[in-house]
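A short worksheet on the structure shown next.
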Amino acid sequence: MSQKISGVKGMNDLLPGDIETWQHVEKLARDMFGRFGYGEIRTPMVEDTALFVRSVGEETDIVGKEMYTFEDKGGRSLSLRPEGTAPSARAYIEHSILNQEPVTRWFYIGPMFRYERMKTGRYRQFFQIGAEAYGAKEPAQDAEIMDMVAQFLSALGLKDVTLNLNSLGDEACRPAYHAKLVEYLQAHRAEVCAECQARMDRNPLRVLDCKNEKCQAIAAAGPNVLDFLCEPCRAHFGDLQRKLTALGIPFVVNSRLVRGLDYYTRTVFEFVAAHPALGTASTVGGGGRYDTMMKGLGGPDVPAVGFAMGLDRLVLLLKETGQAFGAPVDLFVAVADEGSHDAGLALASRLRREGLHVAFDTRGGSLKSQMKRADKTGARFTLVLGEAERSSGKANLKPMAGGDPIPVALDAVAQALRALPSAS
RNA sequence: GCGGCCAUAGCUCAACUGGUUAGAGCGCCGGACUGUGACUCCGGAGGUUACCGGUUCGAUCCCGGUUGGCCGCCCCA
């Protein structure tokens, strides 16, 4: 007996029964994003490690300790993508998209990888649905993309999701805030947690969203990013809030929202769902504006704004609603005797060619066991095919939910089924 | 990366705190009902008690390690 082999920790299989929910979310996303003019892209799951180091930032947790990095046989350092914005930007630059279109809108759906300790809503391979809008620096673009997320979440039927909003300023004003913050934090160095002491040297903004109560109090009493915004940033942020209000999208300004990636400028936002099913993984989606990242990657000077949502978490929330997804079986073809089995297979084949969702027990077996199987598949109707039906060319459609059998001609089953109300 | 809890049938859980052959419900398969499911009754299959080692006359139970899962910190999706 050989050793049983198991999947990689933190990476899950999705099987029928679960997959329908995922497909539903993905379909809704494709529909919704398409409606907003976003085109789907698919980039490789592996990229040059330098791409993430230069965009996401060397001092971030993602790059610093969560990346799956390895060397290929040519000695290149490659990484499994931990997020989707950088690969999209790379593709945008590589294909010189700016020379073709002033404004480009893309979305992607796919797996991301981060080496982390697992828990509810957090996996080493997880799935994101994300979108990026390149070429528009106007607040309207920020508002539109948040509108898209809001409409998508609402189409999914998810409620109690709060939009948190903040502005981190730009190259003109962030340095001043940064300096002031460091100065303030240094003065309180002894009072914050050990973690924050390290953070204030590497990435002081991160102190702002420390969950430690003491650190929170100190951060709250310190300099506020919003007070340091330069005039253009202030105007941009104000305009964005007016537009969101005009669109009827509720939001909360949270001046301590910073997010853990270095590439953001001005707008950052997070959609947070306070549902017990998510545990502490309450952020369902987040994003922001990154007007300088393209240049930093050696590309054109193009402003951009984007976001990503956690598909795993959306599915967790959807499951809580108890909804069922997946296509119902229209008809189960059962056979009354061995001699009719070939005819049953042929009938099922023909009806499938005609577009119906048909189930058939290829193993044959007793009629009773076939009926059980029919019940199990959730088929709306069952048709029993035997010698009598084959010679007369007529059969009955038995409604599995109960009710009288409906007589049909064997060569008109599809038409008959389509004429029946599809509601169960 | 740090701290805590856990691991028994496909699933959810028992097993009188070390003692015969590890049980139940659900699920699966079959029968009662040889052309009609879901309800009922009966039967069947399914376990190296996660893995490795230790203590003991004897370990699902106690100890150590490994792997995996869950929770908090951290961080995010």
Side-chain angles (χ1 to χ4, degrees), chain A residues 1 3-12 15 17 56 60-66 81-85 109-130 149 193-196 198-199 203 206-207 209-212 215 257-261 268 270-273 276 278-287 307-317 332-338 340 359 361 363 365-389 395-402 405:
Chain A
M1 183 75 94
Q3 185 82 40
K4 190 163 71 177
I5 198 153
S6 51
V8 176
K9 176 175 175 157
M11 307 199 182
N12 302 314
L15 308 179
V56 175
T60 61
D61 285 350
I62 292 176
V63 169
K65 54 186 195 188
E66 294 171 1
R81 60 182 186 192
E83 58 104 53
T85 297
I109 299 178
M112 305 295 162
F113 305 83
R114 292 183 199 171
Y115 191 89
E116 284 196 281
R117 193 71 158 241
M118 309 177 40
K119 59 199 317 181
T120 307
R122 164 182 295 179
Y123 315 97
R124 289 186 174 175
Q125 180 186 79
F126 59 103
F127 290 76
Q128 286 191 332
I129 302 178
V149 180
C193 67
E195 193 63 38
C196 282
R199 274 197 278 244
N203 198 339
R206 299 231 53 87
V207 175
D209 65 358
C210 181
K211 303 295 191 300
N212 183 300
C215 300
L257 176 67
V258 296
R259 301 187 52 73
L261 297 84
V268 290
E270 264 180 21
F271 283 85
V272 178
L278 292 180
T280 49
S282 54
T283 301
V284 130
F307 75 90
M309 289 183 294
L311 189 37
D312 306 75
R313 292 178 184 178
L314 295 176
V315 168
L316 279 176
L317 287 175
F332 189 95
V333 174
V335 296
D337 52 85
E338 270 306 306
S340 299
D361 195 336
R363 301 170 309 172
S366 71
L367 182 58
K368 180 189 177 69
S369 69
Q370 293 178 68
M371 288 306 295
K372 280 188 166 181
R373 191 132 293 282
D375 186 56
K376 192 79 44 76
T377 63
R380 290 169 54 219
F381 295 93
T382 294
L383 182 155
V384 178
L385 188 66
E387 282 174 25
E389 286 79 8
N396 284 323
L397 290 177
K398 176 189 174 72
M400 295 304 279

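What you are looking at is a predicted structure, and each value in this text was computed from that prediction instead of being measured. Naming: A, B, ... by sequence-line order, numbering from 1 per chain.
- Taking every side-chain heavy atom of Ala336(A) into account, G35(B) is the closest of G35(B), A77(B), G68(B).
- Distance Tyr123(A) OH to G69(B) P: 11 Å, rounded to the nearest Å.
- Look at the P atom in both C26(B) and G44(B): the space between them is 16 Å, to the nearest Å.
- The phosphate of C73(B) (OP1 or OP2) has no side-chain N or O of Arg117(A) nearer than 4.0 angstrom.
- Scanning both residues, Lys119(A) and Tyr123(A), for their nearest heavy atoms gives O-CE2, 4.2 Å.
- Among the heavy atoms of the strands lying under 4.0 Å from Ala388(A) is at least one base atom, whether or not backbone atoms are also near.
- Counting to the nearest Å, the C1' atom of G69(B) and the CZ atom of Arg124(A) are 12 Å from each other.
- Checked against side-chain contact (heavy atoms from CB on, under 4.5 Å), Thr283(A) has the following partners two or more places apart in sequence or in another chain: Glu270(A), Val272(A), Arg313(A).
- In this structure, CG on Asp337(A) lies 9.5 Å from CG on Leu367(A), to the nearest 0.5 angstrom.
- For Met112(A) and A77(B), the CE to C1' distance is 10 Å, given to the nearest whole Å.
- A stacking contact links Phe126(A) to A77(B): the aromatic ring centre lies within less than 5.5 Å of the base's six-membered ring centre, and the planes differ by less than 30°.
- Listed nucleotides: G69(B), G37(B), C28(B). Nearest to the side chain of Arg373(A): C28(B).
- Rounding to the nearest 0.5 Å gives a distance of 8.0 Å between CD of Gln128(A) and OG1 of Thr85(A).
- Distance from the side chain of Thr283(A) is smallest to A77(B) among U36(B), A77(B), C29(B).
- Residue Tyr115(A) has its side chain nearest to G1(B) when only G72(B), C74(B), G1(B) are considered.
- Asp312(A) places no side-chain N or O within 3.5 Å of a backbone atom of Gly121(A) that could act as its donor or acceptor partner.
- Look at the C1' atom in both C28(B) and A9(B): the space between them is 12 Å, to the nearest Å.
- With sequence neighbours excluded, the residues satisfying side-chain contact (heavy atoms from CB on, under 4.5 Å) with Pro399(A) are Phe381(A).
- The side chain of Asp375(A) approaches G37(B) more closely than any other nucleotide in the set G37(B), G72(B), A77(B).
- Applying the 3.5 Å distance criterion, the base of A77(B) shares a donor-acceptor pair with the side chain of Glu116(A).
- Sequence order on RNA chain B of the closest nucleotides to Met400(A) and Asp312(A) puts Met400(A) first from the 5' end.
- Between the NZ atom of Lys372(A) and the P atom of C33(B) there is a distance of 14 Å, rounded to whole Å.
- Among all heavy-atom pairs drawn from Val384(A) and Ala395(A), the shortest one is O-CB, 4.5 Å.
- Side chains of Pro111(A) and Arg81(A) form a contact here, defined as non-hydrogen atoms less than 4.5 Å apart.
- Helical stems in RNA chain B, defined as runs of 3 or more consecutive Watson-Crick or G-U wobble pairs with donor-acceptor distances under 3.5 Å: B:1-7 with B:67-73, B:10-13 with B:23-26, B:28-32 with B:40-44, B:50-54 with B:62-66.
- Base contact: Gly121(A) has a heavy atom under 4.0 Å from a base atom.
- With values rounded to the nearest 0.5 angstrom, Arg124(A) atom CZ is found 13.5 Å from Arg114(A) atom CZ.
- Not one side-chain nitrogen or oxygen of Lys119(A) sits closer than 4.0 Å to the OP1 or OP2 atom of C70(B).
- For the pair Lys368(A) NZ and C29(B) P, the interatomic distance rounds to 12 Å; values are reported in whole Å.
- Nucleotides G10(B) and C6(B) are separated by 23 Å at their P atoms, to the nearest Å.
- The residue among Gly10(A) and Gly285(A) whose nearest nucleotide of RNA chain B is located toward the 5' end is Gly10(A).
- U56(B) and C13(B) are spaced 35 Å apart, taking the P atom of each and rounding to whole Å.
- Nearest to the side-chain atoms of Met118(A) among the listed nucleotides G31(B), G35(B), G69(B) stands G69(B).
- U21(B) and A7(B): their P atoms are spaced 24 Å apart (whole Å).
- Comparing the C1' positions of U49(B) and A22(B) gives an interatomic distance of 8 Å, to the nearest angstrom.
- Remark: Lys376(A) NZ to Met400(A) CE distance equals 11.0 Å, nearest 0.5 Å.
- C41(B) and G46(B) have their P atoms separated by 24 Å, with the value rounded to a whole Å.
- In this structure, Glu389(A) places its CD atom 11 Å from C1' of U36(B), rounding to the nearest Å.
- A gap of 15 Å separates the C1' atoms of C57(B) and U20(B), to the nearest Å.
- Regarding contacts with the backbone of C29(B), every side-chain N or O of Ser369(A) stays at 4.0 angstrom or more from both OP1 and OP2.
- Following rounding to the nearest Å, Arg114(A) (CZ) and A77(B) (C1') show an atom-to-atom distance of 6 Å.
- Counting to the nearest Å, the C1' atom of C2(B) and the CG atom of Asp61(A) are 14 Å from each other.
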